[in-house]
2 protein chains.
Amino acid sequence: MNAMDVALICRALGDSNRLQIIQMLSDGEKCGCKLLEQFEITQPTLSHHMKILCECGLVEARKEGKWSHYSLNGETLDAFRQFVEGLCGSCREGKCGG
Amino acid sequence: MNAMDVALICRALGDSNRLQIIQMLSDGEKCGCKLLEQFEITQPTLSHHMKILCECGLVEARKEGKWSHYSLNGETLDAFRQFVEGLCGSCREGKCGG
DNA sequence: GACTCATATAGATGTTTGTCAATATGTTTT
DNA sequence: AAAACATATTGACAAACATCTATATGAGTC
């Protein structure tokens with residue numbers, strides 16, 4: 001995963017609503033209407049957020065009839081985790097402050 | 001670390017220049033002028049980016065004479081890593097797609 | 001004290017972004 | 001077929017943002 005992919009993911013996670021969506025999805029697949037219930041946003045806004053989350057690869061959409069089921073993409077998430085761990089690894093070598 | 005802190009960090013990392021700065025700092029403390037050399041941006045712009053990185057807690061500034069030395073804040077970074085790992089953990093329990 | 005260097009702040013500007021209302025698409029139900 | 005439901009798209013708009021120029025602050029040097 002290159003730096004541009006990471007930046008894209010971070011930009012996606014940089015919105016509180018989207019971060020909350022990710023947290024909800026970490027508990028398992030959810031359909032759009034279930035997600036919508038938890039927010040004070042309109043349906044088009046949720047749709048917009050889901051598009052951004054899908055485009056950066058964090059979320060996958062599964063169409064089933066009129067429903068869209070969203071779930072985390074474990075591979076992307078894991079690659080992202082590895083990137084963050086890489087940064088932390090340097091700290092353990094004493095290269096960071098604190 | 002609560003969700004708002006994480007969102008703030010992600011917003012900071014969501015800019016390619018700032019992400020690159022973080023990567024450079026993961027190799028050890030650097031002063032502002034050294035960082036500036038690596039980018040095609042003006043000094044005020046770098047200063048702005050450093051402020052954002054400091055405000056979210058990812059970076060610490062150490063003043064020494066006329067120089068500012070910047071380094072990663074290992075604690076914040078580690079807390080952030082833990083948050084991301086938490087999301088991944090759910091995936092390992094089979095709650096994610098892919 | 002004047003000059004240079006490193007950094008910060010202020011103000012301006014064009015771009016991106018989060019949001020909404022309106023509408024479209026496609027599916028299920030009656 | 002019509003109505004209801006879930007989602008996506010379009011267009012508009014205000015707020016946030018990245019960037020610049022100009023200027024200020026403050027430290028070292030001549």
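In what follows, chains carry the letters A, B, and so on, assigned in the order in which the sequence lines appear, proteins first and then strands, with residues in each chain numbered from 1.
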Rounded to the nearest Å, what distance is computed from the NZ atom of residue Lys63(A) to the P atom of nucleotide dA6(D)? 12 Å
After noting the C-alpha distance and the side-chain angles of Trp67(A) and Cys33(A), does the key distance pass the side-chain contact (heavy atoms from CB on, under 4.5 Å) rule? CA-CA 8 Å; Trp67(A) 291 277; Cys33(A) 50; 4.0 Å; yes
Can you tell me the distance, in whole Å, between the NZ atom of Lys34(B) and the C1' atom of dC5(C)? 15 Å
Taking side-chain contact (heavy atoms from CB on, under 4.5 Å) as the test, write out the residues that go with Glu29(A), two or more places apart. Arg62(A), His69(A), Ser71(A)
Which pair of heavy atoms, one from Ala12(A) and one from Ile52(A), lies closest together, and at what distance? CB-CG2, 3.9 Å
List, with names and distances, any nitrogen or oxygen atoms from the protein found under 3.5 Å away from nitrogen or oxygen atoms belonging to nucleotides 26-30 of chain C.
none

Just list the side-chain donor-acceptor pairs under 3.5 Å for residues 38-48 of chain A, sequence neighbours left out, or say none.
unit_1   : atom_1 : unit_2   : atom_2 : d
Thr42(A) : OG1    : Thr45(A) : OG1    : 3.1

Sidechain-backbone polar pair: Lys30(A) side chain, Gly28(A) backbone, donor-acceptor under 3.5 Å: yes
Hey, what bend do you get for the helix from dG1(C)-dC30(D) to dT30(C)-dA1(D) if you fit axes on five pairs at each end, rounded to 10°? 20°
Can you find a heavy atom in the side chain of Phe83(B) that is under 4.5 Å from one in the side chain of Gln23(A)? yes
Minimum-distance pair of heavy atoms, taken over all atoms of Asn73(A) and Glu75(A): OD1-N, 3.0 Å
Atom CZ of Arg62(A) and atom P of dA8(D): how far apart are they, to the nearest Å? 14 Å
Check SG atoms, Cys91(A) and Cys96(A), less than 2.5 Å apart: yes
For Leu72(A) and Glu60(A), what are the C-alpha separation, side-chain angles and deciding distance, and is it a side-chain contact (heavy atoms from CB on, under 4.5 Å)? CA-CA 6 Å; Leu72(A) 293 189; Glu60(A) 277 176 342; over 6 Å; no
Expected string for nucleotides 9-22 of chain D under the B/S/- scheme (protein heavy atoms, under 4.0 Å, primed atoms plus P, OP1, OP2 as sugar-phosphate) is B-------SSBBBB
By disulfide (SG to SG under 2.5 Å), Cys88(A) pairs with (sequence neighbours left out) none
Output the rounded distance in Å from CD (Glu37(B)) to C1' (dT7(C)). 15 Å
Contact class for Phe39(B) (heavy atom, under 4.0 Å): base, sugar-phosphate, or nothing? nothing
Measure CG/Leu19(A) against C1'/dT17(C) and give the value in whole Å, please. 17 Å
Any idea which heavy atoms bring Leu13(A) and Cys10(B) closest together, and the distance? CB-SG, 3.5 Å
